[in-house]
**Q** 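Attaching a single structure in structure tokens format; questions to follow.
Keep in mind that the numbers below use all heavy atoms, side chains included, and drop hydrogens, waters and symmetry copies. These numbers were taken from a predicted model, which means no experiment stands behind them.
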Amino acid sequence: MCRYLVSVPVILMTVNTSIRIKDLVLKNPVTAASGTAGYGEEMSGFIDLSRLGAIFTKGLTLRPRPGNPGNRIIETPAGVLNSIGLENVGLERYVTEKLPFLRRKGATVIPNVAGHSVEENVELCGALSSLEDIKALELNVSCPNVKEGGMIFGTDLNLFTELLEKVRKATRCALIVKLSPNVTDIGEFAGRAEEIGVDALSAVNTFVGMKIDIRKKRPHFRNTTAGLSGPAIRPIAVRIVYRICESASVPVIGLGGIAGIDDMLEFIMAGATAISVGTMNMVDPGISIRLIDQLESYMASEKISDIHEIIGVAHTPKRQDGE
Ligand SMILES: Cc1cc2nc3c(=O)[nH]c(=O)nc-3n(C[C@H](O)[C@H](O)[C@H](O)COP(=O)(O)O)c2cc1C
């Protein structure tokens with residue numbers, strides 16, 4: 001529980017920003033999005049990782065992956081296109097090198113699991129669940145930059161169902177599923193995940209985009225397409241989080257272009273129990289800590305004693321006057 005004494009004109013106010021996902025209590029709702037904070041090593045030079053609600057580490061596969069060849073990231077208006085292709089150290093080095101570092105820093109870690117097949121995801125989730133301090137896993141069914149697994153699971157309702165049913169049985173951890181925004185109705189996927197017993201949902205991953213190199217007259221990325229993130233996607237991400245909350249009642253971790261306290265509050269009012277900062281970590285690594293402080297100040301100034309008072313408030317009641 002995060003307790004903070006804020007001076008307001010007459011009284012001292014205590015605000016509670018802690019949230020819960022199954023057995024995992026986060027001291028505040030501000031987390032670092034998978035793939036934008038690596039394994040915390042670079043970021044720890046800028047911020048105290050123990051202050052974050054949690055860090056979602058880079059998408060993990062059983063064996064190390066070198067990622068995609070060729071161009072991997074390029075700036076766009078208000079965002080980036082990336083085609084990293086799940087470069088990661090693999091399970092063994094994750095457990096023996098990366099987790100011990102994060103433990104020493106006092107970070108709350110949520111691994112992002114990104115196997116290529118149902119079997120690989122089941123094996124990864126089973127192995128990670130055997131680690132006592134891992135209380136939650138994020139299953140990534142939404143990476144647009146790999147040829148096997150990834151978004152294929154997140155855009156086909158039958159495959160999605162099969163994967164989630166098997167992974168659900170393989171882990172005691174809180175299971176968070178990171179949905180793909182590249183579907184017609186994300187509400188269908190959210191509802192199905194809840195039926196299967198998933199504990200939380202996160203949204204959004206990146207949107208499929210593309211850049212043409214006009215000098216070469218060819219796609220800029222070797223994979224042709226890439227994933228778009230950053231402030232450019234924020235209004236679509238807010239709409240998606242709002243829609244998920246109409247279709248499922250499990251906690252939602254909202255993300256997509258969060259660049260300041262107002263953005264974060266939009267996601268929370270749309271129904272997100274927690275938020276993640278992604279692309280903006282690469283612009284300003286101190287942003288998450290500022291958001292934690294600003295949230296507490298905002299709550300005190302608005303006399304909101306508990307974060308739950310504002311989660312999803314935009315849903316009720318609908319206004320009748322056309323405004
Ligand atoms: C360079 C980069 C790498 C990413 N790698 C992953 C990943 O490994 N697993 C994952 O679930 N999402 C990954 N993402 C998606 C982000 O976690 C996040 O969902 C997305 O970027 C939207 O949030 P943002 O607009 O705040 O960046 C990556 C995004 C970027 C920009």
**Q** Counting only N and O atoms by type, is there a donor-acceptor contact under 3.5 Å from the side chain of D306 to the main-chain atoms of V15?
**A**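 Side chain of D306 to backbone of V15, a donor-acceptor pair under 3.5 Å: no, none is there.
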**Q** Do L24 and L255 belong to the same hydrophobic cluster, where Ile, Leu, Val, Met, Phe, Trp and Tyr are linked whenever their side-chain heavy atoms lie under 4.5 Å apart, directly or via other members?
**A**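 In one cluster with L24: L255, no.
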**Q** Side chains of S129 and T171: any donor to acceptor distance under 3.5 Å?
**A**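 Side-chain D/A pair, T171 to S129: present.
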**Q** Could you tell me whether the side chains of N182 and T155 share a donor-acceptor contact shorter than 3.5 Å?
**A**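 There is no such pair between these side chains.
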**Q** Using a 4.5 Å cut-off on heavy atoms from C-beta on, say whether the side chain of E87 contacts that of R72.
**A**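 Side-chain contact under 4.5 Å: yes.
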**Q** Is there side-chain contact between L52 and I47, with heavy atoms separated by less than 4.5 Å?
**A**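 Yes, side chains in contact.
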**Q** Counting C-beta onward and ignoring hydrogens, is there a side-chain heavy-atom pair between P29 and T273 closer than 4.5 Å?
**A**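 With C-beta onward as the side chain, the pair stays apart.
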**Q** How are the rings of F160 and F189 set to each other: parallel, tilted or perpendicular (split at 30° and 60°)?
**A**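 Aromatic pair F160/F189 classed perpendicular.
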**Q** Do V25 and I19 come close enough that some side-chain heavy atom pair is under 4.5 Å?
**A**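 Side-chain contact under 4.5 Å: no.
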**Q** What heavy-atom pair brings V183 and G154 nearest, and what distance separates the two atoms?
**A**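 Between these two residues, the closest heavy atoms are CG1-O, 3.5 Å.
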**Q** Quick one: are V252 and S202 in side-chain contact, heavy atoms under 4.5 Å?
**A**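 Contact flag for V252/S202 side chains = no.
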**Q** Take E120 and T61, measure what side-chain contact (heavy atoms from CB on, under 4.5 Å) needs, and give me the verdict at the end.
**A** CA-CA 8 Å; E120 185 176 358; T61 50; 3.4 Å; yes
**Q** Looking only at side chains, do H308 and R20 share a donor and an acceptor under 3.5 Å apart?
**A**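 There is no such pair between these side chains.
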**Q** Which heavy-atom pair separates A190 from I244 by the least distance, and what is that distance?
**A**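 It is CB-CG2, 3.8 Å.
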**Q** Identify the residue among I275, L26, T108 that makes a side chain to side chain contact (heavy atoms under 4.5 Å, CB included) with T31.
**A**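 That would be L26.
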**Q** Is there a side-chain contact between I110 and L137 in this structure, where contact means two heavy atoms from C-beta onward sitting under 4.5 Å apart?
**A**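 No. Closest side-chain heavy atoms not under 4.5 Å.
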**Q** Go through K58 and N112 one step at a time and tell me if the side-chain contact (heavy atoms from CB on, under 4.5 Å) criterion holds.
**A** CA-CA 6 Å; K58 176 68 192 170; N112 179 275; over 6 Å; no
**Q** Is a donor from one side chain sitting under 3.5 angstrom from an acceptor on the other, for E165 and T161?
**A**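 On atom types as modelled, these side chains do not qualify, holding no pair under 3.5 Å.
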**Q** Apply the test side-chain contact (heavy atoms from CB on, under 4.5 Å) to residues I55 and L102: give CA-CA distance (whole Å), side-chain angles for both, the deciding distance (0.1 Å), then the verdict.
**A** CA-CA 9 Å; I55 171 170; L102 286 160; 4.2 Å; yes
**Q** What verdict does the salt bridge (Lys or Arg N to Asp or Glu O under 4.0 Å) test give for D48 and K105, after you've listed the backbone C-alpha separation in whole Å, the side-chain angles of each residue and the deciding distance to 0.1 Å?
**A** CA-CA 8 Å; D48 174 359; K105 293 289 172 189; over 6 Å; no
**Q** Applying side-chain contact (heavy atoms from CB on, under 4.5 Å) to I152 and L159, what does each step give before you reach the verdict?
**A** CA-CA 8 Å; I152 298 159; L159 281 178; 3.7 Å; yes
**Q** Can you check whether V204 reaches I233 side chain to side chain, under 4.5 Å on heavy atoms?
**A**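 Result yes, sub-4.5 Å side-chain heavy-atom pair found.
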**Q** Residues two or more places apart in sequence or in another chain: which of them pass side chain to side chain contact (heavy atoms under 4.5 Å, CB included) with I73?
**A**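 I73 satisfies side chain to side chain contact (heavy atoms under 4.5 Å, CB included) with V80, N82, M282 only.
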**Q** Are E296 and T17 packed together at the side-chain level, in the sense that at least one heavy-atom pair is separated by less than 4.5 angstrom?
**A**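 Yes; the side chains approach each other to less than 4.5 Å.
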**Q** Minimum heavy-atom separation for I258 to S276, with atom names?
**A**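 The answer is CD1-O, 3.7 Å.
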**Q** Can you name the side chain to side chain contact (heavy atoms under 4.5 Å, CB included) partners of D185, sequence neighbours left out?
**A**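 Listed in chain order: E188, R243.
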**Q** Shortest non-hydrogen contact from Y94 to Y39?
**A**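 Reported closest heavy-atom pair: CD1-CE2, 3.8 Å.
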**Q** Please name the pair of heavy atoms, one in M299 and one in N16, separated by the smallest distance, quoted to 0.1 Å.
**A**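 Smallest interatomic distance, heavy atoms only, reads CE-O, 3.6 Å.
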**Q** Between A107 and L49, which heavy-atom pair has the shortest distance, and what is it?
**A**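 Distance-wise, the nearest heavy atoms are CB-CB, 4.0 Å.
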